[in-house]
Amino acid sequence: MTRLRAKRHIPERMEVCKDLWFASPSANKGHWREVCGFPETSELYLEIGCGKGKFCTETASANPDALYIALERESSVILAAIEKTRELGIGNLFFVNADAKNLLDYFADDEVDRIYLNFSDPWTRKKKPKRRLTYRDFLKVYEKIMVPGGQIRFKTDNTLLFEFSLSEFKECGFTLSEVTRDLHNSEYDKDNVRTEFEQKFAEQGIAIKRCVATSGKQK
Ligand SMILES: C[S@@+](CC[C@H](N)C(=O)[O-])C[C@H]1O[C@@H](n2cnc3c(N)ncnc32)[C@H](O)[C@@H]1O
């Protein structure tokens with residue numbers, strides 16, 4: 001059978017992979033590890049805006065003991081990530097086709113150990129900063145669902161978004177580390193897994209910015 005073209009037959013193709021994504025993620029709130037068959041002690045990592053899944057599939061494959069949840073709001077895009085996960089037989093990566101603005105419906109307080117934000121839409125036009133996934137209202141939500149000391153690992157090509165995000169992280173009480181404005185020529189590139197967008201930007205000679213923001217939430 002010829003492979004179905006992207007954006008065609010999305011519901012049918014999602015149905016084939018239904019064991020890899022959750023149609024009602026709210027039902028898992030506070031129980032992700034149990035629902036996904038992982039010990040309560042496992043780390044839970046969340047990628048927001050996973051795109052076609054290069055980063056989450058490679059990262060989850062390399063860390064089979066951790067549970068990975070990848071969130072993406074575009075169904076045609078997340079489908080590519082889900083089908084890749086199925087083809088590769090990855091058992092520790094699951095998906096949610098939803099908007100990050102509803103995260104509090106899906107995750108309980110202190111449920112997530114780490115959040116990845118890779119090449120989030122920059123929303124650099126005037127009056128749009130509230131839509132940025134590093135805007136303070138989002139950071140407060142991330143802090144709530146993360147454990148004390150939880151980390152946000154953030155990468156972008158966009159200088160304006162990066163400088164804005166550093167300022168928002170600081171304003172919200174996060175501690176910054178591993179800050180670089182040229183990741184691929186830095187010491188932090190050693191363990192770096194490139195995303196689809198990162199690969200594209202690197203080929204264009206655009207320097208990648210990256211930081212780790214650690215939550216200041218107390219136990
Ligand atoms: C520029 S792409 C980057 C994709 C991937 N992370 C990468 O680096 O290759 C941003 C992705 O985030 C998704 N996205 C943007 N805002 C979102 C939101 N509020 N909730 C969920 N996904 C979102 C978009 O649909 C898009 O697939």
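None of the values given here were measured: they were computed from a predicted structure. Any value given below was found using the heavy atoms of this structure, including those in side chains, with hydrogens, waters and symmetry copies removed. In each ligand, atom 1 is the first atom listed, and ligand 1 is the first ligand listed.
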### Message
Looking only at protein heavy atoms, which one is nearest to atom 20 (N) of ligand 1, and what is the separation?
### Response
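The closest one turns out to be Ala100 N, 2.9 Å.
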
### Nearest protein heavy atom with distance in Å, relative to atom 3 (C) of ligand 1
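For this ligand atom, the closest protein heavy atom is Phe119 O, 3.4 Å.
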
Geometric N/O contact [X] with ligand 1, under 3.5 angstrom:
X: Phe197; value: yes
X: Glu198; value: no
X: Gly49; value: yes
X: Thr195; value: yes

### Message
Is a donor from one side chain sitting under 3.5 angstrom from an acceptor on the other, for Lys155 and Asn192?
### Response
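There is such a pair (donor and acceptor under 3.5 Å, judged by atom type) between the side chains of Lys155 and Asn192.
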
Would you call [X] and [Y] a side-chain contact if the rule is heavy atoms closer than 4.5 Å?
X: Ile145; Y: Asp110; value: no
X: Thr59; Y: Tyr68; value: yes
X: Phe154; Y: Leu133; value: no
X: Glu196; Y: Gln199; value: no

Where the closest heavy atom to [atom] is concerned, which of [options] has it?
atom: atom 10 (C) of ligand 1; options: Thr156, Leu117, Asp121; answer: Asp121
atom: atom 23 (C) of ligand 1; options: Lys200, Lys155, Arg73, Lys52; answer: Arg73
atom: atom 27 (O) of ligand 1; options: Lys101, Lys54, Glu72; answer: Glu72

### Message
I'd like to know whether Phe119 forms a ring-ring contact (aromatic ring centres under 6.0 Å, His included) with Phe197, so could you lay out the CA-CA distance, the side-chain angles of the two residues, the decisive distance to 0.1 Å, and finally the verdict.
### Response
CA-CA 7 Å; Phe119 301 86; Phe197 273 68; 7.1 Å; no

### Query
Are Phe107 and Trp32 close enough that their ring centers fall under 6.0 Å?
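That pair passes the under 6.0 Å test.
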
### Task
For Asn92 and Asn63, indicate whether the former's side chain and the latter's backbone hold a donor-acceptor pair under 3.5 Å.
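Confirmed, Asn92 side chain pairs with Asn63 backbone.
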
### Query
Less than 4.0 Å between a side-chain N and a carboxylate O, is that true for Arg114 and Glu43?
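Salt bridge between Glu43 and Arg114, a charged N being under 4.0 Å from a carboxylate O: no.
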
Could you tell me which atoms of ligand 1, counted from 1 in the order shown, lie closer than 4.0 angstrom to a heavy atom of [X]?
X: Glu74; answer: 25 (O)
X: Glu196; answer: 9 (O)
X: Asn118; answer: 3 (C), 5 (C), 6 (N), 8 (O)
X: Ala98; answer: 20 (N), 21 (C)

### Query
Hey, is NZ on Lys52 packed in by over 12 heavy atoms from elsewhere, all under 6.0 Å?
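Atom NZ in Lys52 is not packed in, count stays at 12 or less.
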
### Query
Where's the contact between Ser120 and ligand 1, heavy-atom distance under 4.0 Å: side chain, backbone, both or neither?
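No part of Ser120 is near ligand 1 at this cut-off.
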
### Message
Between ligand 1 and Asp99, can you find any atom pair, the residue atom being a heavy atom, that is separated by under 4.0 Å?
### Response
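Yes, Asp99 has a heavy atom closer than 4.0 Å to ligand 1.
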
